[in-house]
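This report concerns only the one structure given below.
Please read these numbers as outputs of a predicted model, since none were measured by experiment. Lettering of chains follows the sequences in order, A, B, ..., and the numbering in each one begins at 1.
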Protein chains: 2
Amino acid sequence: MNDAPTRQRIVEAADQLFYRQGFEHTSFAHIAEVVQISRGNFYYHFKTKDQLLNAVIHARIANTQIMLDQWEVEGEGPTERIRSFIKILLMNQANIQHYGCPVGTLCSELAKLNHGSTEQANTLFTLFRTWLHRQFTLIGRHDDADELAMHLLARSQGVATLANAFHDPKFIQTEVNHMLDWLQTYSQSSTPS
Amino acid sequence: MNDAPTRQRIVEAADQLFYRQGFEHTSFAHIAEVVQISRGNFYYHFKTKDQLLNAVIHARIANTQIMLDQWEVEGEGPTERIRSFIKILLMNQANIQHYGCPVGTLCSELAKLNHGSTEQANTLFTLFRTWLHRQFTLIGRHDDADELAMHLLARSQGVATLANAFHDPKFIQTEVNHMLDWLQTYSQSSTPS
DNA sequence: GTCTATACTGAGATAGAC
DNA sequence: GTCTATCTCAGTATAGAC
């Protein structure tokens, strides 16, 4: 099924289970079952559950960076790139309806647990924030690039949360359209005053 | 400290702890400690943790309904009432930065736990949704009242999630202002085509 | 209605053989 | 690097005295 080194397979399985069931609710036993190893073997690779969480967060950070770099290369311009961001709501529609946003739900859970890795998880948000910031700056919104970045981030977060509660694909589509329209009003002013 | 019947004190303490620490992370021992009763006594009032959760959700539904009714009475018109909704982000600013939105975080957690009370918790969202729906209808937006309600709900959810991650009061204020501006564009068209 | 005592379970974590 | 066996502890839940 998967020939990757055990450590990596553990991280991948944990990543999925943390997303689908939450960090706290996911037990070593469950992960071990998915990876098809014994619980004992587990501790050869990760001494504690928190260590595993850190590995998962770092993997997510790396994967997110790769995705953002990809958008940077593929997108013809900043507006087109921001569109890529907005459209992940559609790309991951099914998962979002089932489990919410992987970033938002993890950060919320860790914040409640008062967990030491809360800030590490929040850097996932920061990754998107600074990337969007750069795109809006390129559009010419030097003064409010961060504000626009946060605004868009907040809107997609909200859509994910409600989509998770109401399971309504039409709602996601409608909100994505609104966000694309909203973006369009800024891209037209690409040569600012 | 609190002379209310024990059952009610348990529900109130659980409500707070579920909000601050999450449902799963909160133990009977912790609640019992807050309420100053023994763990054994606990089971006289609630046979299971799920029963307690249901009591908490119903208490929240009742309290939310009271708040919405209050806004209905106090607000001079639908626009003013919707402003009350938007401004809870400022009213509860401190709590939201610490613990996120009480509705959103509970629904997200229960969805991940695949918990039987997920739908019950989601009715909290529905309460706001239908209330906002009515206000937008009164403004004259008969055709897209629900869409506008969901849109506003989503935006406040997103703001709560990011405020929880970044702890930035200025961000909340900025977004609230944007929402109030957005609302204003609709209230002016109160006599629709 | 409230208490103490206790049973039962599952989870994180360790030791040591292979 | 992987396994089995085991420890410890916290959490839910029950029984029964007061």
Side-chain angles (χ1 to χ4, degrees), chain A residues 1-57 59 106 109-110 112-118 120-121, chain B residues 1-57 59 106 109-110 112-118 120-121:
Chain A
M1 206 75 166
N2 190 337
D3 283 345
T6 304
R7 188 194 150 91
Q8 189 183 332
R9 284 166 57 216
I10 293 173
V11 171
E12 284 169 7
D15 190 347
Q16 280 295 310
L17 288 171
F18 288 175
Y19 177 36
R20 297 186 180 186
Q21 313 190 326
F23 166 69
E24 191 167 36
H25 191 59
T26 302
S27 67
F28 281 3
H30 198 154
I31 301 170
E33 191 189 7
V34 170
V35 184
Q36 295 278 23
I37 59 171
S38 70
R39 264 175 303 168
N41 187 359
F42 217 103
Y43 287 87
Y44 173 79
H45 298 281
F46 298 98
K47 296 289 167 248
T48 69
K49 198 179 181 183
D50 291 348
Q51 248 183 45
L52 173 58
L53 174 62
N54 270 319
V56 168
I57 291 174
L106 180 65
E109 181 181 3
L110 296 185
K112 280 209 201 293
L113 299 183
N114 212 356
H115 193 284
S117 297
T118 306
Q120 274 300 306
Chain B
M1 206 72 166
N2 190 338
D3 283 346
T6 304
R7 189 193 149 91
Q8 190 183 331
R9 283 165 57 215
I10 291 173
V11 172
E12 285 169 6
D15 190 346
Q16 280 295 310
L17 289 171
F18 288 176
Y19 177 36
R20 299 186 179 187
Q21 313 191 326
F23 166 67
E24 191 167 38
H25 190 60
T26 301
S27 67
F28 281 3
H30 197 155
I31 301 170
E33 191 188 9
V34 169
V35 184
Q36 294 277 24
I37 59 170
S38 71
R39 265 176 302 171
N41 186 359
F42 217 104
Y43 287 86
Y44 172 77
H45 298 281
F46 298 99
K47 297 288 168 248
T48 68
K49 198 179 180 182
D50 291 348
Q51 248 183 45
L52 173 57
L53 174 63
N54 269 320
V56 168
I57 291 173
L106 180 65
E109 181 181 2
L110 296 184
K112 281 209 200 293
L113 299 183
N114 211 356
H115 194 283
S117 296
T118 307
Q120 274 302 307

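In this structure, CZ of A:R39 is placed 15 Å from C1' of C:dA15, rounded to the nearest angstrom. Atom pair A:H45:NE2 and C:dG12:C1' shows a separation of 17 Å (rounding to whole Å applied). A straight line from OH of A:Y43 to P of C:dA13 spans 5 Å, rounded to a whole angstrom. Computed from coordinates, the B:E33 CD to D:dA10 P distance equals 13 Å when rounded to whole Å. In this structure, A:I37 places its CD1 atom 10 Å from C1' of D:dG1, rounding to the nearest Å. Between the C1' atom of C:dT6 and the CZ atom of B:F42 lies a distance of 19 Å, rounded to the nearest Å. Distance CZ (A:R7) to P (D:dT2): 13 Å, rounded to an integer number of Å. Rounded to whole Å, atom P of C:dT6 lies 21 Å from atom CZ of B:F28.
Here B:N41 reaches the OP1 or OP2 of C:dC3: one of its side-chain N or O atoms lies under 4.0 Å away. For the OP1/OP2 pair of C:dA11 and a distance below 4.0 Å, the side-chain nitrogens and oxygens of A:H25 include no atom meeting the criterion. Contact annotation: B:T6 side-chain N/O to C:dT2 OP1/OP2 distance is under 4.0 Å. For A:Y44, a side-chain nitrogen or oxygen approaches OP1 or OP2 of D:dG1 to under 4.0 Å.
Residue A:S38 is classed as a base contact, given a heavy-atom separation below 4.0 Å to a base.
Separating the CZ atom in B:F28 from the CG atom in B:N41 is a distance of 12.5 Å, to the nearest 0.5 Å. Rounded to the nearest 0.5 Å, atoms NZ (B:K112) and CD (B:E24) are 12.5 Å apart.
A cation-pi contact, defined as under 6.0 Å to the ring centre and within 45° of the axis, is absent between A:K47 and A:F42.
Donor-acceptor pairing under 3.5 Å is lacking for the side chains of A:Q16 and A:E12.
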